[in-house]
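Just so you know, ligand 1 is whichever comes first in the structure, and atom 1 is the first atom listed for that ligand. All figures in this text were calculated on a predicted structure; none of them were measured in a lab.
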Amino acid sequence: MAKALTKQQHLDLYYYMRLNRAVEDTMVKLFRQNRIVGGLYSSLGQEAVSVGTAFALEKKDWLAPMIRNIGALIVKGVPPRDVFMQHMAKYDSPTKGKDGTSHFGDLENLHIVSPISMLGDLIPVMTGVAMAGRYLGHRIVAMTWIGDGGSSTGVFHEGLNFAATQKAPFVLVLENNLWAYSTPVKRQVPVENLADRAKAYGVKSFIVDGNDVAAVYTTAKEAVELARNGEGPILIEAKTFRRMGHAQHDPAEYVPPDMKKYWEERDPIARHEKFLFKEKLFDEKGKKEIEAKINALLEKERDFAENSPFPPAAFAEHGVYCTGDDCHKIRAKWERPVSEVAPPKSSVPAVWAIEGFGVGKGSGGGSAPIHFGDTEKREQKEEAAVSNNGAKSAGKKPAKPAKKAVARKAGR
Ligand SMILES: Cc1ncc(C[n+]2csc(CCOP(=O)(O)OP(=O)(O)O)c2C)c(N)n1
Ligand SMILES: [Mg+2]
């Protein structure tokens, strides 16, 4: 357990993990009361990963969470009421009741990119965010998370390779919780450490005990600073365990009871609490104060969420298609004149037409090289055009078009 952190940092990590768990516990109750409209994906036992990694980011940095990273959202500054209202599909929620889970972001203030459900797709997206930050000279780091299952998608590998070749200031947290739905990690990946996947792309990686919040934080901090200094991207494999089923509907009876027990004994909150007591960083009174602060906050946040209305029926058609300013106000911030980065207004004749392959009309109407050689050659076409123009102006009949060039056999 790292001791290099300040007392306040240790207490903050504890507070955020407790808040993360309390927010999810509240949502389980709301789910049982039938007030949650969408899916509920528990991060019970994984709080140290979301909290410890997001805690390593600065305010200006960017993150994109996956379904089990509510803790990261809270650390970045999302109020619990937004998380409740999203899941309850309320009108005051960030998506105004259009989504039933955590598909929301905040590009203006908190620098959060909304999750994408297709596993792995956030990797190239966040690589792009990291590259944009570097281009603008902002010295930001972009972070996202992926599961053990998600690390087997094609886009994980394409994205990581892309980030590596671009040296993007990007940190990818691979949350290895040993299960992807009902598939154990050993049945879907033939390697022991998923961090090894980074080697294929020349990417530096770390492995960390995902149930030790101080270790997660110090590892993430090192990765974030390496990335900020141009040594990214970095992959962190956090070894942890999914203590509940995939979502509320899944009782996860396929998980061996011994395995559950092993990980319950390594609960990240209980472990950190033990550490805080042992190091005299807090006592029973300090613990009660934190609990009281969380309870008071969540009562207020839950009340607000419950009192928020559902969207009016007429709102159903709003926001389906982009209608300009009343849809979104974010515009590209061009650092170079638009004309400089936009495609040229007029096309120029292709200078690389290949002898014998002919030149034809492109879809835009201009000359474009084509590959079949079944149209007249450029010189023949130009000659025909000149003689036709001459004929027209002299009042003669236009000349016959030039003979077609012989088609070249395909497959050469
Ligand atoms: C490309 C893609 N394939 C399949 C799914 C369906 N799906 C959603 S979550 C999930 C399991 C993910 O497991 P893992 O990546 O280990 O994350 P965990 O649920 O354990 O956090 C699957 C298969 C998806 N969302 N995207
Ligand atoms: Mg998993």
**Prompt:** Under the 4.0 Å line, does any protein heavy atom show up next to atom 1 (C) of ligand 1?
**Reply:**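 Looking at atom 1 (C) of ligand 1, one finds that a protein heavy atom does lie closer than 4.0 Å.
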
Check whether any side-chain N or O of [X] sits under 3.5 Å from a backbone N or O of [Y] as a donor-acceptor pair, and report yes or no.
X      : Y      : value
Arg302 : Thr26  : no
Arg228 : Pro169 : no
Asn69  : Met66  : yes
Asp283 : Gly286 : yes
His111 : Lys60  : yes

Nitrogen or oxygen atoms of [X] and ligand 1 under 3.5 Å apart:
X      : result
Arg242 : no
Ile67  : no
Gly150 : yes
Asp148 : yes

Report the part of [X] in contact with ligand 1, treating N, CA, C, O as backbone and CB onward as side chain, heavy atoms under 4.0 Å; options are side chain, backbone, both, neither.
X      : value
Ser117 : backbone
Tyr41  : neither
His246 : side chain
Asn177 : side chain

**Message:** I'd like to know: is the Mg ion (ligand 2) within the 2.8 Å range of an N/O/S atom from Asn176, strictly under that distance?
**Reply:**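 No, outside the cut-off.
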
**Prompt:** Closest N/O/S atom of Asp148 to the Mg ion (ligand 2), by atom name?
**Reply:**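 The atom in question is OD1.
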
So which heavy atom in the protein is nearest [atom], and how far is it from that ligand atom?
atom                    : value
atom 21 (O) of ligand 1 : Arg68 NE, 2.8 Å
atom 14 (P) of ligand 1 : Gly149 N, 3.5 Å
atom 23 (C) of ligand 1 : Tyr181 CD1, 3.8 Å

**Asked** Counting each atom of ligand 1 from 1 as listed, which ones have a heavy atom of Gly147 under 4.0 Å away?
**Response**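 Matching atoms, with element in brackets: 14 (P), 15 (O), 16 (O), 17 (O).
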
**Ligand-side contact atoms (ligand 1) for residue partner Met118, heavy atom cut-off under 4.0 Å** =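 Listed by number with element, the hits are 26 (N).
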
**Message:** The test is ring-ring contact (aromatic ring centres under 6.0 Å, His included); show your working for Tyr91 and Phe315 and say whether it passes.
**Reply:** CA-CA 10 Å; Tyr91 196 37; Phe315 187 65; 5.2 Å; yes

**Distance-only side-chain donor-acceptor flag, Glu299 / Asn295, under 3.5 Å** =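 Note: Glu299 and Asn295 side chains miss the donor-acceptor criterion.
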
**Request:** Scan side-chain atoms only and decide if Arg197 and Ser151 contain a donor-acceptor pair under the 3.5 Å cut-off.
**Result:**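 Side-chain D/A pair, Arg197 to Ser151: present.
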
**Closest non-hydrogen atom pair between Val155 and Leu119, with its separation** =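 Closest pair (atom of Val155, atom of Leu119, distance): CG1-O, 3.5 Å.
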
**Asked** So which heavy atom on Leu235 is nearest to which on Leu194, and how close?
**Response**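 Reported closest heavy-atom pair: CD2-O, 4.1 Å.
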
**Message:** On a heavy-atom basis, I'd like to know which of Leu119, Val49, Thr153 is closest to atom 26 (N) of ligand 1.
**Reply:**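 Ranked by closest heavy atom to atom 26 (N) of ligand 1, first place is Leu119.
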
**Option from Phe275, Phe282, Tyr15, Tyr217 for which ring pair (Phe, Tyr, Trp, His ring centres under 6.0 Å) with His10 holds** =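 It is Phe275, the one option of Phe275, Phe282, Tyr15, Tyr217 that forms the ring pair (Phe, Tyr, Trp, His ring centres under 6.0 Å) with His10.
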
**Request:** With the Mg ion (ligand 2) at the centre, find the angle made by O from Trp179 and OD1 from Asn177, to 10°.
**Result:**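 It is 80°, given to the nearest 10°.
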
